[in-house]
*Asks:* 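Provided herewith is a single structure, encoded as structure tokens, for subsequent inquiry.
All heavy atoms count here, side chains included; hydrogens, waters and symmetry mates do not.
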Amino acid sequence: MSEKRDHAEALAGRGRLDLRADCERCFALCCVAPAFSASADFAIDKAAGQACPNLRPDFRCGIHDGLRQRGFPGCTVYDCFGAGQKVAQVTFGGRDWRRAPGTARRMFEVFTVMRHLHELLWYLAEALTLEPARAIHGELSLAYDRTERLTLDEPGALAELDVAAHRQEVNALLLRASELVRAGAGRRRKDRRGADLIGADLRGADLRGASLRGAYLIGADLTGADLRMADLIGADLRDANLSGADLTGSIFLIQSQLHAARGDAGTRLPPSLTHPAHWEIGSPAAGQV
């Protein structure tokens, strides 16, 4: 039992280190591979596989310091979970798509798959830190190991991987971990999975132990809400107001979700996450301690 626990803890610790984006070791794959449309998130249309016009020859963004002001806030909330450098340096051995244009199409295909796998690794690594889910840490460790092995496959195998099927398998485990954690909230648990809560007035709401998996919280007012032990995997928090909200102990919340939201110094976060620079960091919201 001790060996299994040590293995799980080692995986979780290593995962958090290996799954952070290192743009210096990437070839700006996130600026080329995905498509985006002109909207509140992006100022222009861009097709998949087409380089963003703001991308410089050295693979740096020409407007990085002014992305929000120039109409590209969507770029500031994107997280590849380290998939970019894995594809660039491991899968393709340091060959970049500009100097080796024959690799470009396959590289962009693989990056999309790798990003899904690395996101799953991030969630699995977090699940392995959740004490209430200790009963399934062995299964979570096996899922982590299997997913990590997939990331080391050859480009052809990665491009052909049924990533949706693998995600479904892993998600079933993550859901079990979620249920074990949220059980600590007792009868307060609410099931808001996939709920349309766009612009909802949730000020001061007791959402302890709630399942908000995939919920649409765009522009919702969560000022002072209690989100401890809430499952926030895939929740859309764009422009949601988290001022004074308590997110300590919430699970599967990622940094890019916070970058998409608004908050203040009174927003309480899990220790692994930080207050985004664009938040109004001043006094806590009125009525918050």
Side-chain angles (χ1 to χ4, degrees), residues 11 14-37 41-42 44-61 74-75 77-127 139-174 214 233-234 252 254 256:
L11 285 178
R14 189 185 75 223
R16 291 303 180 94
L17 293 174
D18 294 346
L19 301 172
R20 298 184 186 278
D22 183 354
C23 297
E24 294 292 333
R25 301 179 62 232
C26 183
F27 302 131
L29 296 180
C30 66
C31 302
V32 187
F36 52 72
S37 301
D41 294 319
F42 299 101
I44 59 173
D45 293 321
K46 188 190 81 65
Q50 173 188 331
C52 174
N54 297 309
L55 182 63
R56 301 189 326 201
D58 61 358
F59 296 116
R60 295 176 182 270
C61 175
C75 296
V77 302
Y78 183 84
D79 190 348
C80 77
F81 299 97
Q85 67 258 26
K86 174 69 78 62
V87 171
Q89 302 301 329
V90 179
T91 313
F92 285 86
R95 292 173 294 161
D96 75 65
W97 53 270
R98 277 182 168 151
R99 295 183 181 181
T103 68
R105 181 175 179 180
R106 181 50 57 90
M107 186 178 291
F108 302 152
E109 291 174 346
V110 169
F111 172 70
T112 300
V113 174
M114 189 71 76
R115 197 261 178 201
H116 284 297
L117 293 175
H118 271 227
E119 182 181 20
L120 291 175
L121 286 173
W122 180 275
Y123 290 133
L124 285 166
E126 178 175 345
E139 293 175 76
L140 290 164
S141 294
L142 289 173
Y144 189 101
D145 287 339
R146 183 185 171 210
T147 304
E148 187 172 48
R149 285 196 299 272
L150 288 174
T151 70
L152 300 175
D153 277 345
E154 295 297 317
L158 280 164
E160 295 174 6
L161 176 68
D162 187 347
V163 73
H166 184 67
R167 176 180 285 276
Q168 185 175 9
E169 180 182 329
V170 171
N171 191 55
L173 267 179
L174 296 175
I233 194 168
F252 304 134
I254 58 177
S256 59

*Asks:* Quick one: pull up OG1 in Thr103 and CZ in Arg105 and give me the separation to the nearest 0.5 Å.
*Replies:*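 One gets 13.0 Å once the value is rounded to the nearest 0.5 Å.
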*Asks:* Centre-to-centre under 6.0 Å for Phe108 and Trp97, is that the case here?
*Replies:*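 Yes: the rings meet the under 6.0 Å criterion.
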*Asks:* Return yes if some donor-acceptor pair links the side-chain N/O of Lys46 with the main-chain N/O of Pro34 below 3.5 Å, else return no.
*Replies:*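 Checking the backbone N and O of Pro34 against the side chain of Lys46, a donor-acceptor pair under 3.5 Å is found.
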*Asks:* Hey, are the side chains of Arg115 and Tyr78 touching, using non-hydrogen atoms and a 4.5 Å cut-off?
*Replies:*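 Of all side-chain heavy-atom pairs linking Tyr78 with Arg115, at least one is under 4.5 Å.
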*Asks:* Would you mind reporting whether Arg167 and Glu119 have side-chain heavy atoms less than 4.5 Å apart?
*Replies:*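 The answer is yes, as the side chains (C-beta and beyond) meet within the 4.5 Å cut-off.
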*Asks:* Do Arg98's NZ or CZ and the ring of Phe59 fall within the cation-pi criteria of under 6.0 Å and 45°?
*Replies:*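 Positive - Arg98 is close enough to the ring of Phe59 and near enough to its axis.
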*Asks:* Answer yes or no: is there a side-chain heavy-atom contact under 4.5 Å between Asp79 and Ile254?
*Replies:*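 Counting from C-beta outward, Asp79 and Ile254 never come under 4.5 Å.
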*Asks:* Looking at every heavy atom in both Gly234 and Tyr123, which two are closest together, and how far apart are they?
*Replies:*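 Smallest interatomic distance, heavy atoms only, reads N-OH, 4.3 Å.
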*Asks:* Looking at CG of Leu124 and OH of Tyr144, how far apart are the two atoms once the value is rounded to the nearest 0.5 Å?
*Replies:*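 So the gap between those two atoms works out to 8.0 Å.
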*Asks:* Spell out, as yes or no, whether a donor-acceptor pair under 3.5 Å connects the side chain of Glu109 to the backbone of Leu158.
*Replies:*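 It does not hold such a pair.
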*Asks:* For residues Asp153 and Ala157, report the shortest heavy-atom separation together with the two atoms involved.
*Replies:*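 Shortest heavy-atom separation between Asp153 and Ala157 comes out as CB-CB, 3.9 Å.
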*Asks:* For Arg25, does its backbone N or O pair with a side-chain atom of Gln89 as donor and acceptor, under 3.5 Å?
*Replies:*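 Flag set: sc Gln89 to bb Arg25 pair under 3.5 Å.
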*Asks:* So among Val170, Asn171, Leu173, Leu150, which one has a side-chain contact (heavy atoms from CB on, under 4.5 Å) with Leu120?
*Replies:*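 Among Val170, Asn171, Leu173, Leu150, the one meeting side-chain contact (heavy atoms from CB on, under 4.5 Å) with Leu120 is Val170.
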*Asks:* Of all the heavy-atom pairs spanning Ala21 and Cys80, show the shortest one and how long it is.
*Replies:*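 That would be CB-SG, 3.9 Å.
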*Asks:* Kindly assign one of parallel, tilted or perpendicular to the pair Phe36 and Phe42, based on the angle between their ring planes and the thresholds 30° and 60°.
*Replies:*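 Ring orientation, 0 to 90° scale: parallel.
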*Asks:* At what distance, to the nearest 0.5 angstrom, does CG of Leu19 lie from CD of Glu126?
*Replies:*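 Going from the CG atom of Leu19 to the CD atom of Glu126 covers 12.0 Å.
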*Asks:* What are the two closest non-hydrogen atoms of His118 and Lys86, and how far apart are they?
*Replies:*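 Here His118 and Lys86 meet closest at NE2-NZ, 3.2 Å.
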*Asks:* Locate the shortest heavy-atom distance separating Leu174 from Ala127; write the atom from each residue and the value.
*Replies:*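 The answer is CD2-CB, 4.1 Å.
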*Asks:* Do Trp122 and Arg20 have side chains that get closer than 4.5 Å, going by heavy atoms?
*Replies:*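 In contact.
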*Asks:* Can you check whether Leu117 reaches His166 side chain to side chain, under 4.5 Å on heavy atoms?
*Replies:*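 Yes, side chains in contact.
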*Asks:* Using a strict cut-off of less than 4.0 Å between a Lys/Arg side-chain nitrogen and an Asp/Glu carboxylate oxygen, indicate whether Arg60 and Asp58 qualify as a salt bridge.
*Replies:*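 Salt bridge: yes.
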*Asks:* What I'd like to find out is whether the side chain of Leu121 reaches to under 4.5 Å of the side chain of Thr151, using heavy atoms alone.
*Replies:*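 In contact.
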*Asks:* For Phe27 and Arg95, which heavy atoms make the closest approach, and how far apart are they?
*Replies:*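 Between these two residues, the closest heavy atoms are CE1-O, 3.3 Å.
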*Asks:* Looking at Phe92, I'd like to know if the NZ or CZ of Arg106 sits under 6.0 Å from its six-membered ring centre while staying within 45 degrees of the ring's axis.
*Replies:*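 Here Arg106 fails the 6.0 Å and 45° test against Phe92.
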